[in-house]
Amino acid sequence: MVYPTDTAYGLGVDALNSRAVARLYRLKGRNFAKPVHVVVTSLQMAKQYVFFDEQSTALFRHFLPGPLSLVLPLKPKIPASVRKLSAGSGRLGIRMPKNKIALSLVRKLGRPITATSANFAGGRTPYSIAETLKEFQTKIRQPDLYLDAGRLPKRRPSTLVEIRHGKIRILRKGPLSKKLILKALHNA
């Protein structure tokens, strides 16, 4: 399914369904060695799958919902589909977009959905359903459902932050600067 987030249109499947996760990778033409993040609706939901420390908890509470993805260590006993989304890294990206539609989908399902841009691997970030349709028009596989929320404001994808041994690392620059992230931690 194609759905809107606070940054762009995403491709979402039930993150706990192994067949759906495998189909997502095929649909996107994505290498299984590349991770895919998930959307959650709360810190409590996220804690079912990954470990949080003081810093990651502070960032979650300060910036989410919003354009931040936290890459955190997986818990040992999680579904195989979620482990597959980590691409063998032992870490999973957690996202909680500031978008009512995205959060409603996860709330209704009762578990995380995937959060990857609604394009073919290496394609342009889509800000409208028309851009997504164009992206997949020549592909054999198509998304099953498109939720059209109109044209989204052009924003960079979420800031991707990893915290290891107390050190903050920006894996992808986005709307939130490292300075802003460090300030939030300092004030926590």
Side-chain angles (χ1 to χ4, degrees), residues 1-42 44-51 64 68-97 99 101-149 152 157-158 160-162 171-172 174:
M1 144 192 66
V2 175
Y3 68 98
T5 73
D6 54 351
T7 55
Y9 276 91
L11 276 175
V13 302
D14 178 353
L16 303 187
N17 181 320
S18 290
R19 286 179 48 205
V21 167
R23 185 172 184 269
L24 171 80
Y25 274 88
R26 287 190 306 275
L27 173 69
K28 203 167 159 62
R30 189 176 184 101
N31 184 325
F32 283 96
K34 294 187 97 177
V36 171
H37 310 313
V38 299
V39 172
V40 298
T41 56
S42 66
Q44 180 182 354
M45 181 184 277
K47 284 183 174 182
Q48 293 176 51
Y49 307 101
V50 294
F51 289 107
L64 297 177
L68 175 71
S69 296
L70 293 169
V71 178
L72 302 168
L74 288 170
K75 290 201 166 177
K77 294 183 180 181
I78 57 164
S81 60
V82 175
R83 192 160 303 287
K84 183 179 271 186
L85 291 170
S86 78
S89 70
R91 303 176 79 70
L92 181 66
I94 299 293
R95 178 105 165 77
M96 194 165 100
N99 180 285
I101 295 170
L103 295 177
S104 290
L105 290 168
V106 177
R107 240 180 244 110
K108 287 281 187 191
L109 184 61
R111 52 188 178 263
I113 63 172
T114 56
T116 183
S117 56
N119 58 5
F120 199 72
R124 295 179 63 149
T125 302
Y127 297 97
S128 71
I129 291 298
E131 291 173 357
T132 300
L133 288 168
K134 185 177 180 182
E135 185 72 27
F136 287 102
Q137 74 184 352
T138 62
K139 309 299 181 216
I140 294 170
R141 293 180 182 91
Q142 302 284 319
D144 294 329
L145 177 67
Y146 292 83
L147 297 176
D148 191 347
L152 302 176
S158 63
L160 188 56
V161 175
E162 180 179 53
L171 301 176
R172 178 179 66 206

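- Dense packing is recorded around CZ of Arg26, with more than 12 heavy atoms of other residues, nucleotides or ligands lying under 6.0 Å away.
- Counting only distance, with no hydrogens or angles, the side chain of Lys28 and the backbone of Asn119 share a donor-acceptor pair below 3.5 Å.
- Residues meeting the ring-ring contact (aromatic ring centres under 6.0 Å, His included) test with Tyr146, sequence neighbours left out: none.
- More than 12 heavy atoms of other residues, nucleotides or ligands shown are found within 6.0 angstrom of CD on Gln137.
- Here the straight-line distance linking atom CG of Leu109 with atom OG of Ser104 works out to 12.0 Å at 0.5 Å rounding.
- Arg111 meets the salt bridge (Lys or Arg N to Asp or Glu O under 4.0 Å) test with Asp14; sequence neighbours excluded.
- Within the 4.5 Å cutoff, side-chain heavy atoms of Leu27 are placed close to those of Pro143.
- In Lys139, the NZ atom is crowded: over 12 heavy atoms of neighbouring residues, nucleotides or ligands sit closer than 6.0 Å.
- Formation of a donor-acceptor pair under 3.5 Å by the Thr114 side chain with backbone atoms of Val13 is found in this model.
- Checked by atom type, the side-chain pair Ser69/Ser158 shows a donor-acceptor distance below 3.5 Å.
- Side-chain N or O atoms of Glu162 include none that pairs as donor or acceptor with a backbone N or O of Val71 at under 3.5 Å.
- Taking the ring-ring contact (aromatic ring centres under 6.0 Å, His included) definition, one finds that Tyr127 meets it with nothing, sequence neighbours left out.
- Other residues, nucleotides and ligands place no more than 12 heavy atoms under 6.0 Å from the CD1 atom of Ile140.
- One distance of note links CD1 of Ile94 with CE of Met45; it measures 10.0 Å at 0.5 Å rounding.
- Below 30°, between 30° and 60°, or above 60°: for Tyr25 and Phe32 the angle between ring planes is below 30°, a parallel geometry.
- Within the 3.5 Å criterion, the main-chain N or O of Pro76 finds a donor-acceptor partner in the side chain of Arg83.
- Judged by distance alone, with hydrogens and angles left aside, the side-chain atoms of Arg30 form a donor-acceptor pair with the main-chain N or O of Pro35 at under 3.5 Å.
- To the nearest 0.5 Å, the span separating CG on Asn99 from OG1 on Thr7 amounts to 9.0 Å.
- Residue-environment remark: NZ (Lys75) exceeds the threshold of 12 foreign heavy atoms within 6.0 Å.
- Taken to the nearest 0.5 Å, the OH atom of Tyr9 stands 4.5 Å off from the CG atom of Asp148.
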